[in-house]
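The structure appears below as structure tokens.
Whatever order the structure lists them in is the order used to number ligands and atoms, beginning at 1.
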Amino acid sequence: MCGIVGYIGSKRAQDILLSGLKRLEYRGYDSAGICILEDQDIKVIKSKGNLDVLVTKVDQQTIGTQGIGHTRWATHGKPSDENSHPHMSTNGKFCLVHNGIIENYNELKADLKEKGFIFLSETDSEVVANLFEALDDGNLLTTARKVTAQLEGSYALCVLNKENTDEFLVVRKDSPLVVGVGEGENFIASDIPAILEYTKKIYILDDDEMALIKRDAVEIYDKSGDRITKKLREITWTLESAEKQGYEHFMLKEINEQPEAIRKTLAGRIKNDMVDLGLNMEEEYVKAINKIAIVACGTANYAGRVAAHLIEDKLRIPVLVSYASEFRYNNPIIDEKTLTIVISQSGETADTLAGLREAKSRGAKIVAVTNVVESSVAREADYVIYTHAGPEIAVASTKAYSTQIAALYLLLMELGQIRGSLEDETIKLWVKEMLAIPEKIQTILGNCELFKGFAENIKDSSSLFFIGRGVDSVSCLEGALKLKEISYIHAEAYPAGELKHGTLALITDNVPVIAVATNGLMLDKIISNIEEVKTRGAITYGVAFEDEQKIKEEVDYFIPIPRVVDAIAPLLAVVPLQLLAYYTSVVKGNDVDKPRNLAKSVTVE
Ligand code: F6R
């Protein structure tokens with residue numbers, strides 16, 4: 001994910017910027033850059049690749065004491081020297097770095113181009129640099145206010161004005177930014193680890209706040225332009241815990257990032273309550289699709305299975321979901337009317353890539369759902385939907401899964417719009433419900449104490465069962481996978497009605513059975529299945545909507561989730577299962593982020 005560092009003081013800025021960016025490397029990036037202000041001259045050095053590449057390009061003679069730096073994780077435009085930050089305005093007066101996504105950048109860019117502004121990159125960020133120039137009134141603060149009034153989306157911006165060697169400006173909305181306070185020097189960063197080596201005194205900026213950063217002062221302003229006083233915090237974290245933003249593990253951090261990650265997946269893709277993914281698929285082609293193939297591995301495969309339920313139910317298109325490792329050996333029935341959806345967080349999974357190529361060789365068009373811009377899967381697909389989840393560091397996938405589901409829902413709504421198989425009213429309802437998902441996930445996250453207790457209950461079990469009906473049985477697959485991979489407890493996911501055909505023999509006294517029950521139409525059925533296991537001595541847990549009284553009364557332990565339309569319930573149902581797996585791994589003393597025998601990216605067959 002992108003990282004920002006800024007410095008103003010008396011030391012050589014480039015040393016501080018490079019060391020700060022180094023501290024942000026763990027977040028992942030594909031290019032980097034710095035800009036130094038020296039005698040009213042702006043020097044920009046930027047490069048695709050890692051910081052070592054950048055270091056070979058910096059001029060050791062540069063002694064400027066004010067500058068900004070950035071590591072980029074591509075969202076708009078591929079990783080390249082030109083797309084790297086910082087970006088300059090056309091006349092070279094303003095130079096900035098940006099984290100976040102400017103949703104209306106296309107409109108702004110078209111307008112600025114008409115006015116004669118020049119663009120050297122494909123990024124949304126360069127638009128902001130030129131907007132500063134277009135709206136420049138000679139005062140950085142008031143200019144910034146005019147600029148931000150035109151921006152839709154999220155941003156943390158750090159802006160240098162070439163003519164002002166005494167200060168720079170920062171502003172944020174929905175993207176983090178902190179100010180570090182030193183003696184005769186001040187710092188800014190998107191993340192505390194970048195500057196922790198230099199200062200432990202931090203202001204945390206809130207949304208819509210702006211600050212002028214000077215050598216010996218930090219002036220903070222609220223949205224209406226009034227100067228405000230903020231609490232200066234003393235950071236007591238170690239560098240390692242700062243990288244995890246205070247969370248004990250990356251996995252917990254990533255579980256907690258899901259509300260924000262889903263917001264980013266949706267950002268800029270909903271217009272007038274309808275979906276616009278900007279894929280530019282030809283209507284004639286979309287209407288001719290007579291089958292969908294979904295190809296992915298592990299968690300990504302389960303995200304595909306969730307979408308498959310809804311596609312078949314609502315779009316009435318048959319869906320074949322395959323494990324990518326099997327797909328190409330099964331002589332799949334695929335042709336040019338089969339839309340193939342390939343899902344991969346990393347975009348580099350060897351089996352998935354091979355599946356993509358197999359489908360392509362049979363004439364199918366490919367939609368890639370991936371988190372990594374310009375990954376192999378993204379490059380080889382006909383259409384790409386980026387999940388924008390930010391780097392996932394823990395081996396066990398969490399925010400990738402929920403953002404993949406969100407992206408797939410957007411795709412199915414768009415297909416339904418084009419094919420006329422979904423009513424506008426249905427789409428509008430789902431869109432509204434999707435936009436409310438982040439807040440609802442936050443509610444579940446607020447309940448995490450519950451899962452510490454459950455983890456204690458199940459930690460010594462030798463086997464667990466997850467049961468559900470319909471799409472809930474897919475959430476069960478993901479819950480069981482999470483538990484297996486990090487807690488090392490054997491777990492099986494079962495369509496609840498299938499138990500009696502054999503597996504019920506394994507349900508004996510004290511075997512934990514976790515029922516996921518969000519499917520309103522199948523509620524009585526799952527209640528009967530819970531009964532079946534209870535009479536065999538199982539200890540039952542039920543994940544269901546908070547007002548689902550019947551489930552609450554049926555199970556030994558009730559795990560409430562906020563109500564949402566059934567169609568998108570898997571986005572919520574998975575969160576308790578992630579938390580259960582996480583805390584069980586913690587109580588067992590396992591290496592949560594790096595479970596045994598597993599790797600984050602599986603690039604071999
Ligand atoms: C499980 C997990 C894996 C991945 C799978 C696919 O927590 O992370 O099952 O989902 O290896 O990886 P990507 O999505 O990178 O293709």
Side-chain angles (χ1 to χ4, degrees), residues 28 73 249-255 257-258 261 265 294-307 321-328 340-357 359 366-381 384-408 466 474-489 491 493 574-575 577-582 584-585 590-605:
W73 201 69
H249 298 99
F250 281 112
M251 182 177 175
L252 187 59
K253 174 173 173 276
E254 287 156 11
I255 290 173
E257 280 171 351
Q258 288 179 111
T265 310
I294 297 183
V295 183
C297 300
T299 288
N301 183 285
Y302 298 152
R305 280 172 205 271
V306 166
V321 188
S322 304
Y323 292 111
S325 51
E326 295 289 322
F327 179 73
R328 65 190 187 281
T340 300
I341 306 174
V342 166
I343 311 163
S344 174
Q345 187 284 129
S346 61
E348 301 296 344
T349 301
D351 285 324
T352 308
L353 196 54
L356 180 158
R357 290 174 183 157
I366 315 290
V367 176
V369 174
T370 182
N371 198 25
V372 180
V373 173
E374 285 290 297
S375 54
S376 303
V377 156
R379 285 199 310 271
E380 295 193 25
V384 186
I385 307 172
Y386 289 116
T387 47
H388 298 316
E392 200 179 56
I393 292 168
V395 165
S397 191
T398 52
K399 63 177 179 172
Y401 177 74
S402 44
T403 54
Q404 283 159 357
I405 294 176
L408 290 164
F466 290 79
V474 184
S475 301
C476 288
L477 286 168
E478 176 58 6
L481 178 63
K482 282 297 88 99
L483 193 78
K484 283 184 275 199
E485 72 176 317
I486 58 170
S487 80
Y488 313 149
I489 297 176
V574 73
V575 181
L577 309 183
Q578 296 168 341
L579 288 167
L580 182 67
Y582 171 76
T584 308
S585 179
N590 295 350
D591 188 347
V592 178
D593 287 333
K594 293 198 185 89
R596 67 187 180 207
N597 306 340
L598 300 176
K600 184 66 189 161
S601 185
V602 187
T603 51
V604 290
E605 187 182 344

Indicate yes or no: at least one non-hydrogen side-chain atom of [X] is less than 4.5 angstrom from one of [Y].
X	Y	value
Ile294	Arg305	no
Asn371	Gln404	no
Ile486	Asn590	no
Leu579	Leu252	yes

Would you mind telling me if ligand 1 is within reach of the side chain of Val395, the backbone, both or neither, using heavy atoms under 4.0 Å? backbone

Part of Glu348 within contact of ligand 1 (heavy atoms, under 4.0 Å): neither

Against heavy atoms of [X], which atoms of ligand 1 measure under 4.0 Å?
X	result
Gly298	9 (O)
Ser344	13 (P), 14 (O), 15 (O), 16 (O)
Lys482	1 (C), 7 (O)
Ser346	13 (P), 15 (O), 16 (O)
Ala396	7 (O)
Glu485	1 (C), 7 (O)
Gln345	13 (P), 14 (O), 15 (O), 16 (O)
Ala300	10 (O), 14 (O)

Nearest heavy-atom pair of Glu485 and Pro595: which atoms, and what distance? O-CB, 3.0 Å

Closest heavy-atom pair, Thr370 versus Ser344, reported as atoms and distance to 0.1 Å, is OG1-O, 2.7 Å

Consider every N or O of Thr352 and every N or O of ligand 1, then say whether any pair is closer than 3.5 Å. no

Under 3.5 Å between some N or O of ligand 1 and some N or O of Gln404? no

Is a donor from one side chain sitting under 3.5 angstrom from an acceptor on the other, for Gln578 and Thr398? no

Quick check: are there more than 12 heavy atoms from other residues, nucleotides or ligands sitting under 6.0 Å from NZ of Lys484? yes

